[in-house]
Amino acid sequence: MSDDLVLYDVADQIATITLNRPEVANAQNPELLHQLDACWTKAGEDPGVKVIILRGAGKHFSAGHDLKGAAPSNNDKWTVQRIYEIEAVQYIGYSLKWRNNPKPSIAAVQGVCIAGGLLLAWPCDLIVAAENAKFSDPVAAMGIGGVEYHGHTWELGPRLAKEILFTGRAITAAEARAVGMVNRVVPLDDLESATRELALEIAKKHPWALRMAKRAVNQTLDVQGFTTAVQAVFDVHQLGHGHAMTECGYPVLVGLDEMKGEIASKS
Ligand code: ZN
């Protein structure tokens, strides 16, 4: 077992990036996100890499953001500015950067992919899901209108996007496949091999052609307003944090006792 929060490996022109906090379902703390971003950058810049695979070690892809990691230190306090500045870099900033990485990328998702987990999976070009994968964004329960990177409407269509945001329910791999959010659904035992097979097939193509094919689709989405919309909704998300701050002095409306206990235990 490595101490690294993210593992990186290159074989057969495929870079495999592995989230490596299986003991906490790959919850994302700031250090994990910084390591993850460094791996994306390395893969994007390495001429020996043609395809990027993102996967999670253990039973689950990612349980989302580890809120403990962002708690202020003793002499610091939560402010709207602090929340905005952290999330602009670590959440929407990184997700858009990975989305725009010049290399084709594939997320391999098993188990839960909750809230912040979507910020890792959605920026990938393709998603292969195990049959047991479940995708959810339950943050309305915390008084927030959705995670920082608003892929929902683009990935699911407006009706399903609203339904999962309003109810917080998870969608299954099959349901995600039906609306085009994932490319393939495979048995859990086949997730690694099926993802690798797809990556190897893509890696046979000329890297410039792959780069231009990716750019063609992303540019089309951008002409439709994708990046502008995602950035605009990020500010709506911040309004949610701002509302919670005025109500109770913390960035979310529920789980306050836990969060206060966590902060108290640090001081
Ligand atoms: Zn947030």
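Counting starts at 1 for both ligands and their atoms, following the listed order. In this text, all values refer to a predicted model and were calculated from it rather than measured experimentally.
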Tested for side chain to side chain contact (heavy atoms under 4.5 Å, CB included) against Ile53, the lone hit among Leu126, Ile14, Leu198, Asp9 is Ile14
Output the atom name for the N/O/S atom of Glu148 with the smallest distance to the Zn ion (ligand 1).
-> OE2
Sorted by chain and residue number, the side chain to side chain contact (heavy atoms under 4.5 Å, CB included) partners of Leu188 (sequence neighbours excluded) come out as Gln110, Ala130, Asn132
Give, rounded to 10 degrees, the angle between OE2 (Glu87) and NE2 (His237) as seen from the Zn ion (ligand 1).
-> 160°
Closest heavy-atom pair and its distance - Ile17, Trp40 = CD1-N, 3.9 Å
Residues pairing under salt bridge (charged side-chain N to carboxylate O under 4.0 Å, His left out) where one sits in residues 116-132, two or more places apart or in two chains, turn out to be Asp125-Lys214
Can you tell me if His241 has an N, O or S atom under 2.8 Å away from the Zn ion (ligand 1)?
-> yes
